[in-house]
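Below is one structure, written out as structure tokens; the observations come after it.
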Amino acid sequence: MIEVMIVLVIAGIALALAVPSFTGSIDRSKRFGTVEDIYSAVRSARAEAANGFTETVICASADGSTCRDENIWEDGWIVFRDDGSGGGTARNMARDPNEPLAALSGPAPSGITVRTVNFTNSGAVAFNASGQASDRGTFTVCGSLGAANSSAVVLNRSGQPRLAVDSGGDGTVDNDAGANITCP
């Protein structure tokens, strides 16, 4: 009986040590997957604009069809040609029903938030026919572990995305303006 109790105590200690590490690994995996999705969508929007010689937009979307006005990207996003097809309005950064959808993403994994920082329009970014972005800014991807354990995609004015880095050496990656990212 004493031996069984000792084994149970050791197993409990091992489990108590493993669970936080496992939680961190899951959070990291979710964040990295979401960052890869955003990075890919931004590159796709830029390529679509340059190849189609028309303005292309990436915007937050809760329904996979229309843009949302809020800075809430974890519900998903869409990439579309903002060309006014079918009687819509071209270059209005809002998808009209007949404008071609180039790509869409479903919701981010549970516990992940995606926000933008420093874009003029927090819900959408446009790329012109030469692939330049309408604005520069940062897509911030946060998990349950806070800003110090978060990731970001920085978009420069020329339309080139890059992964955010910690240039200050303080453990938190920086946004496009060089400040630490923050999480909601």
Side-chain angles (χ1 to χ4, degrees), residues 24 26-50 55-62 64 66-82 91-95 102-184:
I26 291 172
D27 185 76
R28 200 168 17 266
S29 176
K30 288 179 181 181
R31 277 187 296 109
F32 289 151
T34 303
V35 165
E36 287 175 7
D37 289 348
I38 291 170
Y39 186 87
S40 176
V42 168
R43 288 182 50 113
S44 172
R46 184 174 192 246
E48 182 76 20
E55 187 162 297
T56 302
V57 173
I58 178 172
C59 68
S61 177
T66 59
C67 295
R68 76 185 308 162
D69 293 332
E70 300 170 277
N71 186 9
I72 300 173
W73 290 71
E74 62 266 17
D75 291 337
W77 49 88
I78 58 174
V79 175
F80 66 96
R81 286 188 181 177
D82 196 6
R91 294 183 296 282
N92 64 347
M93 292 181 78
R95 183 169 182 258
L104 73 111
S105 173
S110 65
I112 298 295
T113 59
V114 182
R115 300 290 191 272
T116 59
V117 180
N118 298 332
F119 289 111
T120 303
N121 180 340
S122 63
V125 179
F127 294 86
N128 66 22
S130 61
Q132 291 181 320
S134 58
D135 212 350
R136 70 178 198 150
T138 304
F139 293 87
T140 302
V141 180
C142 296
S144 61
L145 301 177
N149 292 297
S150 294
S151 308
V153 174
V154 175
L155 181 64
N156 65 24
R157 187 72 170 88
S158 69
Q160 291 285 341
R162 69 171 173 80
L163 298 178
V165 295
D166 175 17
S167 59
D170 60 3
T172 303
V173 297
D174 302 328
N175 66 26
D176 61 293
N180 284 348
I181 63 169
T182 59
C183 293

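Heads up: numbering here begins at 1 and tracks the sequence. Computed from heavy atoms alone, side chains included, the values below leave out hydrogens, waters and symmetry copies. The shown structure was predicted, so the numbers you read here are calculated from the model rather than taken from an experiment.
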*asked:* A side-chain contact here means heavy atoms from C-beta on lying under 4.5 Å apart; do R31 and I112 qualify?
replied: yes
Using only heavy-atom distances, determine whether the side chains of D170 and N180 contain a donor-acceptor pair under 3.5 Å. yes
Indicate yes or no: at least one non-hydrogen side-chain atom of V154 is less than 4.5 angstrom from one of N175. no
Between V57 and A126 the two heavy atoms that sit nearest each other are CG2-CB, 3.9 Å
Exactly one of R81, E48, R91 clears side chain to side chain contact (heavy atoms under 4.5 Å, CB included) with E55, and that residue is R91
CG of D27 to OG of S150, rounded to nearest 0.5 Å, is 7.5 Å
dist N121:CG -> T116:OG1 (nearest 0.5 Å) comes out at 8.0 Å
- Query: Crowded around D69 CG? As in, over 12 foreign heavy atoms under 6.0 Å?
  - Reply: no
Separation between CG (D82) and CZ (R95), nearest 0.5 Å, reads 10.5 Å
When rounded to the nearest 0.5 Å, the distance separating CG of N118 from OG1 of T138 is 6.0 Å
Self-check item: Pair K30-S110, side-chain contact (heavy atoms from CB on, under 4.5 Å): steps then yes or no
Solution: CA-CA 8 Å; K30 288 179 181 181; S110 65; 3.5 Å; yes
Heavy atoms of F80 and C67 approach each other most closely as CE2-SG, 3.5 Å
- Is the shortest heavy-atom distance from the side chain of C59 to the side chain of I78 under 4.5 Å? yes
Count the heavy atoms of every other residue, nucleotide or ligand shown that sit under 6.0 Å from CZ of R162, and state whether that count exceeds 12.
yes
Which is it for V114 and E74 under the side-chain contact (heavy atoms from CB on, under 4.5 Å) test, yes or no, and what are the steps along the way? CA-CA 5 Å; V114 182; E74 62 266 17; 4.2 Å; yes
Looking only at heavy atoms, the pair that brings A49 and F127 closest together is CB-O, 3.6 Å
Quiz item: What do the steps show when you test I181 against T172 for side-chain contact (heavy atoms from CB on, under 4.5 Å), and what is the final call?
Solution: CA-CA 7 Å; I181 63 169; T172 303; 4.0 Å; yes
Exercise for review: For residues V79 and T56, determine if any side-chain heavy atom of one lies less than 4.5 Å from a side-chain heavy atom of the other.
Suggested key: yes
*Under a 4.5 Å cut-off applied to non-hydrogen side-chain atoms, are V42 and I58 in contact?*
yes
Taking the side chain as everything from C-beta on, heavy atoms only, tell me whether W73 gets closer than 4.5 Å to T34. no
Next on the checklist: Apply ring pair (Phe, Tyr, Trp, His ring centres under 6.0 Å) to residues F139 and F119 and explain how you reach the verdict.
Outcome noted: CA-CA 9 Å; F139 293 87; F119 289 111; 5.4 Å; yes
When every non-hydrogen atom of V153 is compared with those of P161, the smallest separation belongs to CG1-CB, 4.0 Å
Indicate whether the side chain of D37 and that of S105 have a donor and an acceptor atom separated by less than 3.5 Å. no
Closest heavy-atom pair, A103 versus S44, reported as atoms and distance to 0.1 Å, is CB-OG, 4.4 Å
Rounded to the nearest 0.5 Å, the CZ atom of R115 sits from the OG1 atom of T182 at a distance of 10.5 Å
Here the pair of heavy atoms bringing A152 nearest to T140 is CB-CA, 4.2 Å
Any N128 side-chain heavy atom under 4.5 Å of S134 side chain
no
Measure the shortest side-chain to side-chain distance between V35 and L163 over non-hydrogen atoms and say whether it is less than 4.5 angstrom. yes
Interatomic distance, CD@Q132 vs CZ@R46, rounded to 0.5 Å, equals 8.5 Å
